[in-house]
Amino acid sequence: MESSIPFSLQLFLLASSLSLLTFLLLRRSSRLRRNLRLPPGTLGLPFLGETLHIIAAYKTSNPEPFIDDRVARFGPVFTTHVFGEPTVFSADPDTNRLILLNEGKLFESSYPGSISNLLGRHSLLLMKGSLHKRMHSLTMSFANSSIIRDHLMVDIDRLVRLNLESWTGRVLLMEEAKKITFELTVKQLMSFDPCEWTERLRKEYILVIDGFFTIPFPLFSTTYRRAIQARGKVAEALSLVVRERRRESERGERKNDMLGALLEEEGGFSDEEIVDFLVALLVAGYETTSTIMTLAVKFLTETPLALAQLKEEQDEIRSRKRKSEALQWNDYKSMPFTQCVVNETLRVANIISGVFRRAMTDVDVKGYTIPKGWKVFASLRAVHMNQDHFKDARTFNPWRWQADSGTTNSLNLFIPFGGGPRRCPGAELARVELSVFLHHLVTQFSWVPAEEDKLVFFPTTRMQKRYPLIVQRQNLREPDSI
C-alpha cells in the first residue's frame, strides 16, 4: 500500500531528521571534546564522517593530502571520523611509537570493517593476545634469514627468471610484478608452482583488494559487493586445498611449507582459521611487494644516476657467475647500494601508509585523551614524508642511506614494516625478493616508459596505468673464466 504522505513532505521530514541527528551528534562531539580533551579536529557528516573526503584526497597525486591538510589546521594528532568510526590520526613519531610498542597494553589491532570482513576474523592482522604471538612466531619461522638462505632463495631466483623469460616489447610492469609475487607467495605457503589454478586465484584477489577501503555496506558500494563475492570464491578454493592437505597429513604425507606447519601445529586449527590465515598472508605477500617492485623501477627510471650505480653493482655480481647460475645468499649480502635503493623506495612509496589500532583504555597523548574504544591510525607515511625528519623528503635519494650520510635519527624514524609485536614478519623476505628482481631486471633488460603514468594512492598505492614499459633484452655474455 502506498504512503498517503506527499513526497515533498517525506523529503522535508527526512531532511529535518538528518538535521536533528547532525545537531545531536555535533553537540555530543562538543561535550566529549570538553569532558575528555579530545584532540582537535572534526567528525564530519553523520554516519559518513569524513570518509568521502579521505577517499577523494587519496585519488590525487599528493601522497598525504588528507593528513597534510588536517595537520596544518589541527596539529600532528587530530580527530576525525572515517570508515564508520571516530578515529584519532597521528602524524607524530613519538605518538606512533607509543601506539606500536603498547600492543596488548594500551592498544589492540583493529581495522575498518571493510578490511576485517574481507580478510576474515582469524587473519593474523586481527588476531590478539597469545594467539597472535604464537602465529606471528610461526610466520617468522618461515620467513627468517636462515630459511630464506637455505630454502627460499632458490625458488625466488627461479620464479623471477621464469617470469622474465616471457618479457618482450610492451609490458605492464605492475601486472607482471604481481604475477611474480603472487607465485612466490603461493609457493611459500602451499608449495604450488604457477598454473591455471594459481592464475584464477590471483584474479579473484585483485577484486578482494579493491574493496579494502570502501564503505562496508554492499547496498551502497558495488566495489565492496564484488570484493565480498570474490572473497567467497577465494575461501572456497583454499578450503578445498586445506581439506586435501589434511587428508594427506593424516596419511603421513607432509610438505615443508606454511600450510604444512599450520596442519601440524599443536592444538590444531579449524579449516576456517587456516583459510583466513592464508588469505591475509597472500594479500601481504602479493600486493605490497609487487607495488614496491614497480615503484623501485619507476624511481630508478626517473633517477638515471641511481640506475647506473645499481646496474654497475649488479653487473659486477653477474660477471662472477655463469648465465644460468642462480643468485646465492652471499650475492644478496653483497648489494650495498641496492639496499639503499630498497630503503629509499620503501620510504617514498610507503605501501603500508599506517596502522589501525583501538584504544583499550583512555590514553593520554600530547595533552589530549584518546577515549577507550576509539580507533587510532598511526601514519607511517606522514613521518617518512615530513621535511623536518628527512631532507627533501619527497625526493627519491638512495644516497641518503649510505653509511657516511645516514643519521641515527633518520634510522629511528624509518619504520616501513611497522614496529613492536606486530612488525611485518616478512620484512626480510620482501627485501630479498625486490633485490633479486632488480638484479635480473637490470642485467637482462633496458627499458623506457611506454607512456606517461602517475602514482595514485587509493584504494592502495599503485600506478594508475600499471606502468607500461617498452623493454629490450640484452645479450648476456658468459664470463671468460669461472
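Index from 1, following the sequence.
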Exercise for review: Look at the side chain of Ser123 and the backbone N and O of Leu119, then say whether any donor-acceptor pair between them is shorter than 3.5 Å.
Suggested key: no

Practice item. Walk me through it: do Leu164 and Arg161 pass the test side-chain contact (heavy atoms from CB on, under 4.5 Å)? Key: CA-CA 5 Å; Leu164 293 182; Arg161 285 172 179 258; 5.9 Å; no

Check your understanding: Under a 4.5 Å cut-off applied to non-hydrogen side-chain atoms, are Leu152 and Ile147 in contact?
Key -> yes

**Study point:** Spacing of Thr185 atom OG1 and Leu429 atom CG [to the nearest 0.5 Å]
**Key:** 7.5 Å

Check your understanding: Taking only residues two or more places apart in sequence, or in another chain, which ones meet Asp257 in a side-chain hydrogen bond (donor to acceptor under 3.5 Å, both in side chains)?
Key -> Ser191, Arg245

**Study point:** Enclosure of Glu236 CD (heavy-atom neighbours >12, cutoff 6.0 Å)
**Key:** no

Exercise for review: Could you list all the ring pair (Phe, Tyr, Trp, His ring centres under 6.0 Å) pairs where at least one residue sits in residues 184-205, not counting sequence neighbours?
Suggested key: Phe182-Tyr205, Phe192-Trp197

Review point. When rounded to the nearest 0.5 angstrom, what is the spacing between CE in Met174 and CG in Leu469?
Key: 11.5 Å

Review point. For Ala91, does its backbone N or O pair with a side-chain atom of Thr95 as donor and acceptor, under 3.5 Å?
Key: no

**Study point:** Carboxylate-amine/guanidinium proximity below 4.0 Å for Asp276 and Arg121
**Key:** no

Point to revise | Salt bridge present between Glu302 and Lys298 (N-O < 4.0 angstrom) | key: yes

Review point. Is it true that Glu287 and Arg462 make a salt bridge, defined as a side-chain N closer than 4.0 Å to a carboxylate O?
Key: no

Point to revise | salt_bridge(Glu265, Arg134) N-O dist < 4.0 Å | key: yes

**Study point:** Ser110 versus Phe356, closest heavy-atom pair with distance
**Key:** O-CB, 2.9 Å

Exercise for review: Given salt bridge (charged side-chain N to carboxylate O under 4.0 Å, His left out), test Glu50 with Arg70 step by step and report yes or no.
Suggested key: CA-CA 12 Å; Glu50 295 192 293; Arg70 283 149 185 79; 2.9 Å; yes

Exercise for review: Please confirm whether the backbone N or O of Asp69 pairs with a side-chain atom of Arg73, one donor and one acceptor, at under 3.5 Å?
Suggested key: no

Review point. Side chains of Trp374 and Thr87: donor-acceptor distance under 3.5 Å anywhere?
Key: no

Practice item. Flag the pair Lys255 and Glu248 as a salt bridge only when some basic side-chain nitrogen lies within less than 4.0 angstrom of an acidic carboxylate oxygen. Key: yes

**Study point:** From Ile292 atom CD1 to Ile352 atom CD1, the distance as rounded to the nearest 0.5 Å
**Key:** 9.0 Å

Exercise for review: Start with the C-alpha distance between Asp94 and Lys366, add both sets of side-chain angles, then the distance that settles side-chain contact (heavy atoms from CB on, under 4.5 Å), and finish with yes or no.
Suggested key: CA-CA 9 Å; Asp94 292 334; Lys366 301 288 182 180; 3.8 Å; yes

Check your understanding: Judged by modelled atom types alone, do His132 and Arg422 share a side-chain donor-acceptor pair under 3.5 Å?
Key -> yes

Point to revise | Within-4.5 Å side-chain heavy-atom neighbours: Trp447 and Thr301 | key: yes

Review point. At their closest point, which heavy atom of Ala261 faces which heavy atom of Phe142, and how far apart are they?
Key: CB-CE1, 3.4 Å

Exercise for review: Describe, in one word, how the ring planes of Phe89 and Phe78 are oriented to each other, choosing from parallel (under 30°), tilted (30 to 60°) and perpendicular (over 60°).
Suggested key: parallel

Check your understanding: Ion pair present between Asp362 and Arg37, side-chain N to carboxylate O less than 4.0 angstrom?
Key -> no

**Study point:** Distance-only polar pair, side chains of Glu183 and Asn163, donor-acceptor under 3.5 Å
**Key:** yes

Review point. Under a 4.5 Å cut-off applied to non-hydrogen side-chain atoms, are Val171 and Tyr467 in contact?
Key: no

Practice item. Check whether any side-chain heavy atom of Ser109 sits under 4.5 Å from a side-chain heavy atom of Arg357, and report yes or no. Key: yes

Review point. Has Arg226 got its NZ or CZ under 6.0 Å from the middle of the six-membered ring of Tyr224, at an angle within 45 degrees of the ring axis?
Key: no

Practice item. Carefully, step by step, assess Thr79 and Thr42 under the rule side-chain contact (heavy atoms from CB on, under 4.5 Å). Key: CA-CA 6 Å; Thr79 298; Thr42 176; over 6 Å; no

Exercise for review: Check whether the side chains of Arg381 and Thr461 place a donor and an acceptor atom closer than 3.5 Å, and report yes or no.
Suggested key: yes

Practice item. Verify the neighbour count for atom CD of Glu451: are there more than 12 heavy atoms of other residues, nucleotides or ligands below 6.0 Å? Key: yes

Practice item. Tell me, please, whether Phe390 has Arg347 positioned over its six-membered ring: NZ or CZ under 6.0 Å from the ring centre and within 45 degrees of its axis? Key: yes

**Study point:** Arg202 with Glu199: basic N within carboxylate O range, under 4.0 Å
**Key:** yes

Review point. Atom NE2 in His151, atom CG in Asn256: separation rounded to 0.5 Å?
Key: 6.0 Å

Review point. So, do Leu238 and Met190 sit near enough that their side-chain heavy atoms are less than 4.5 Å apart?
Key: yes

**Study point:** Note, Glu428 side chain near Asn144 side chain (heavy atom, < 4.5 Å)
**Key:** no

Exercise for review: Taking all heavy atoms of Leu207 and all of Ala230, pick out the closest pair and write down the distance.
Suggested key: CB-CB, 3.6 Å

**Study point:** Least distance between heavy atoms, Gly418 atom then Leu100 atom
**Key:** C-CD1, 4.4 Å

Check your understanding: Will you find, in the side chains of Thr223 and Asp210, an N or O donor that is under 3.5 Å from an N or O acceptor?
Key -> no

Check your understanding: Is the closest side-chain heavy-atom distance between Met463 and Lys454 below 4.5 Å?
Key -> no

**Study point:** For the student: nearest non-hydrogen atoms of Val77 and Ser90, plus distance
**Key:** CG2-OG, 4.4 Å

Exercise for review: Indicate yes or no for a side-chain donor-acceptor contact from Glu103 to the backbone of Lys128 under 3.5 Å, with no hydrogens or angles considered.
Suggested key: no

Check your understanding: Is the side chain of Thr294 donor-acceptor paired with the backbone N or O of Ser290 at a distance under 3.5 Å, no angle test?
Key -> yes

**Study point:** Min side-chain heavy-atom separation Leu278-Leu259 under 4.5 Å
**Key:** yes

Check your understanding: Counting distance only, does the side-chain N/O of Thr139 pair as donor-acceptor with the main-chain N or O of Met135 below 3.5 Å?
Key -> yes

Check your understanding: If you measure only the distance, is there a donor-acceptor pair under 3.5 Å linking the side chains of Arg394 and Asn386?
Key -> no

Review point. Checking side-chain contact (heavy atoms from CB on, under 4.5 Å) for the pair Phe212/Leu118: CA distance, chi angles, key distance, verdict?
Key: CA-CA 7 Å; Phe212 273 4; Leu118 290 169; 3.7 Å; yes

Exercise for review: Verify whether the ring centers belonging to His384 and Phe414 lie closer than 6.0 Å.
Suggested key: yes

**Study point:** Between CZ on residue Arg247 and CD on residue Glu253, distance to nearest 0.5 Å
**Key:** 11.5 Å

Review point. Just by distance, with hydrogens left out, do Asp157 and His440 show a side-chain donor and acceptor under 3.5 Å apart?
Key: yes

Practice item. Please confirm whether the backbone N or O of Ile470 pairs with a side-chain atom of Arg170, one donor and one acceptor, at under 3.5 Å? Key: no

Review point. Sub-3.5 Å donor-acceptor pair from the side chain of Arg466 to the main-chain atoms of Leu172, do we have one?
Key: no

Revision key, fill the gap. What one should report as the nearest heavy-atom pair of Phe299 and Val348 is CZ-CG1, 3.7 Å

Check your understanding: In Å, rounded to the nearest 0.5 Å, how long is the span from CG of Asp271 to CZ of Arg246?
Key -> 4.5 Å

**Study point:** Glu85/Arg358 salt bridge by N-O under 4.0 Å criterion
**Key:** yes

Point to revise | Qualifying residues under side-chain hydrogen bond (donor to acceptor under 3.5 Å, both in side chains), relative to Glu264, sequence neighbours excluded | key: Ser249

